[in-house]
Amino acid sequence: MKKIAQLSFVIISFLSIVSCSDDDSTVDTTKPTIEIVTPTNDQEIEPGTTFGFKANLADNSGLASYKIEVHSADDGHHHKGNNQTLGEKFAFEVTRQVPNEAKNFMAEEEIKVPATATEGHYHVGITVLDTFGNQNQQFIEIFIGHEHNH
């Protein structure tokens, strides 16, 4: 009877150790990386045209989704000789899934700027989410309007 009790203790101890062992439950805390390729910082975009957005995205565990957005910078900065016409503040937003949870992906989007867009500084950016929920974002500033002097 003593041997059965000892054997039971050994089996229970073994099962406890096995159930507590490390498996693939590692938590990833590394944010995805972003490199905006186009447009470039301070690039001028004419109202009524389309510009391409491209960004290289990467993550060690896999990319889940991204959101591209354009919105007014509204910093009160004015340019000499800028004859702004009354228009509408331009805003754009789109969210996309990354196919197959790829670790490297080129996000690309064609963005149409309305001819009625208010001239001014705008932020263009991307927010990226990986498969573990880590996120990173990057923004640049562009100028929507006709040629001007900085």
Side-chain angles (χ1 to χ4, degrees), residues 11-150:
I11 291 173
I12 291 171
S13 297
F14 176 75
L15 290 175
S16 297
I17 291 170
V18 170
S19 66
C20 293
S21 70
D22 278 350
D23 50 36
D24 289 337
S25 62
T26 305
V27 176
D28 175 29
T29 59
T30 304
K31 294 179 179 182
T33 61
I34 302 166
E35 176 198 4
I36 296 177
V37 178
T38 60
T40 57
N41 204 33
D42 296 322
Q43 183 174 333
E44 293 181 11
I45 309 291
E46 289 285 324
T49 64
T50 299
F51 70 92
F53 177 90
K54 288 184 182 183
N56 289 316
L57 313 178
D59 188 71
N60 61 323
S61 64
L63 299 158
S65 64
Y66 60 94
K67 177 175 73 172
I68 300 169
E69 60 184 296
V70 180
H71 59 263
S72 175
D74 265 347
D75 66 352
H77 180 75
H78 297 285
H79 295 275
K80 289 182 180 179
N82 185 4
N83 296 325
Q84 277 189 319
T85 56
L86 293 178
E88 57 191 53
K89 295 281 185 190
F90 171 59
F92 173 87
E93 185 176 301
V94 65
T95 302
R96 306 254 189 246
Q97 298 298 312
V98 176
N100 303 315
E101 298 178 349
K103 291 185 177 185
N104 295 291
F105 185 75
M106 174 68 82
E108 298 182 76
E109 194 73 34
E110 292 295 314
I111 301 171
K112 173 78 172 148
V113 178
T116 57
T118 300
E119 290 187 9
H121 290 270
Y122 287 79
H123 291 140
V124 178
I126 186 166
T127 303
V128 181
L129 191 66
D130 73 10
T131 56
F132 279 86
N134 302 304
Q135 82 171 25
N136 197 3
Q137 60 182 200
Q138 184 178 13
F139 284 85
I140 62 164
E141 191 169 302
I142 62 170
F143 181 80
I144 294 178
H146 304 285
E147 289 186 35
H148 67 286
N149 296 320
H150 286 277

Chemist: Evaluate the criterion side chain to side chain contact (heavy atoms under 4.5 Å, CB included) for residue pair Ile111 and Ile68; output intermediate values, then yes/no.
Modeler: CA-CA 10 Å; Ile111 301 171; Ile68 300 169; 4.2 Å; yes

Chemist: What's the separation between atom CG in Asn100 and atom CG in Leu63, rounded to the nearest 0.5 Å?
Modeler: 11.5 Å

Chemist: Parallel, tilted or perpendicular for His123 and His71, by the 30°/60° rule?
Modeler: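 Perpendicular, since the angle between the ring planes exceeds 60°.
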
Chemist: Looking at every non-hydrogen atom in both residues, tell me the closest pair between Lys89 and Thr118 and how far apart they are.
Modeler: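 It is N-OG1, 3.6 Å.
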
Chemist: Would you say Tyr122 and Val113 make side-chain contact, with heavy atoms under 4.5 Å?
Modeler: no

Chemist: Are there more than 12 heavy atoms of other residues, nucleotides or ligands under 6.0 Å from atom CD of Glu101?
Modeler: no

Chemist: Which atoms form the tightest heavy-atom contact between Ala115 and Pro47, and what is the distance?
Modeler: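 That would be O-CB, 3.8 Å.
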
Chemist: Looking only at heavy atoms, what is the nearest atom pair of Ile142 and Val124, with distance?
Modeler: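 Looking at all heavy atoms of both residues, the closest pair is CD1-CG2, 3.5 Å.
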
Chemist: Quick test of your reading: applying salt bridge (Lys or Arg N to Asp or Glu O under 4.0 Å), list the pairs with at least one residue in residues 120-133, sequence neighbours left out, ordered by first then second residue.
Modeler: none

Chemist: Would you say Val128 and Phe105 make side-chain contact, with heavy atoms under 4.5 Å?
Modeler: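 When only atoms from C-beta onward are counted, Phe105 and Val128 do not touch, as no gap falls below 4.5 Å.
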
Chemist: Of all the heavy-atom pairs spanning Thr50 and Lys112, show the shortest one and how long it is.
Modeler: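 Minimum heavy-atom contact is OG1-CD, 3.4 Å.
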
Chemist: First locate atom CD of Gln137, then atom NZ of Lys31, and finally report the distance between them rounded to the nearest 0.5 Å.
Modeler: 9.0 Å

Chemist: May I ask you to decide if Ile140's main-chain N or O and Asn41's side chain share a donor-acceptor pair within less than 3.5 Å?
Modeler: no

Chemist: If I take atom OG1 from residue Thr127 and atom CD from residue Glu93, how far apart are they, to the nearest 0.5 angstrom?
Modeler: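 Output value for this atom pair is 8.5 Å.
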
Chemist: Nearest 0.5 Å please: distance from the OG atom of Ser65 over to the CZ atom of Arg96.
Modeler: 12.0 Å

Chemist: Sequence neighbours left out, what passes salt bridge (charged side-chain N to carboxylate O under 4.0 Å, His left out) with Lys67? Give chain and number order.
Modeler: Glu69

Chemist: Which atom names give the shortest non-hydrogen contact between Tyr66 and Gln97, and what distance separates them?
Modeler: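 That closest heavy-atom pairing would be CE2-O, 4.4 Å.
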
Chemist: I need the Ile144 CD1 to Gln43 CD distance, nearest 0.5 Å.
Modeler: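 Going from the CD1 atom of Ile144 to the CD atom of Gln43 covers 10.5 Å.
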
Chemist: Heavy atoms only: give me the nearest Phe132-Thr26 pair and the separation to one decimal.
Modeler: CE2-O, 3.6 Å

Chemist: Quick one: CD1 on Ile34 to CD1 on Ile126, what's the gap to the nearest 0.5 Å?
Modeler: 6.0 Å

Chemist: Please tabulate, for the side chains in residues 52-59, all donor-acceptor contacts under 3.5 angstrom to protein atoms that are two or more places apart in sequence or on a different chain.
Modeler:
from: Asn56; atom 1: ND2; to: Glu35; atom 2: OE1; distance (Å): 2.9
from: Asp59; atom 1: OD2; to: Ser61; atom 2: N; distance (Å): 2.9
from: Asp59; atom 1: OD2; to: Ser61; atom 2: OG; distance (Å): 2.7
from: Asp59; atom 1: OD2; to: Gly62; atom 2: N; distance (Å): 3.1

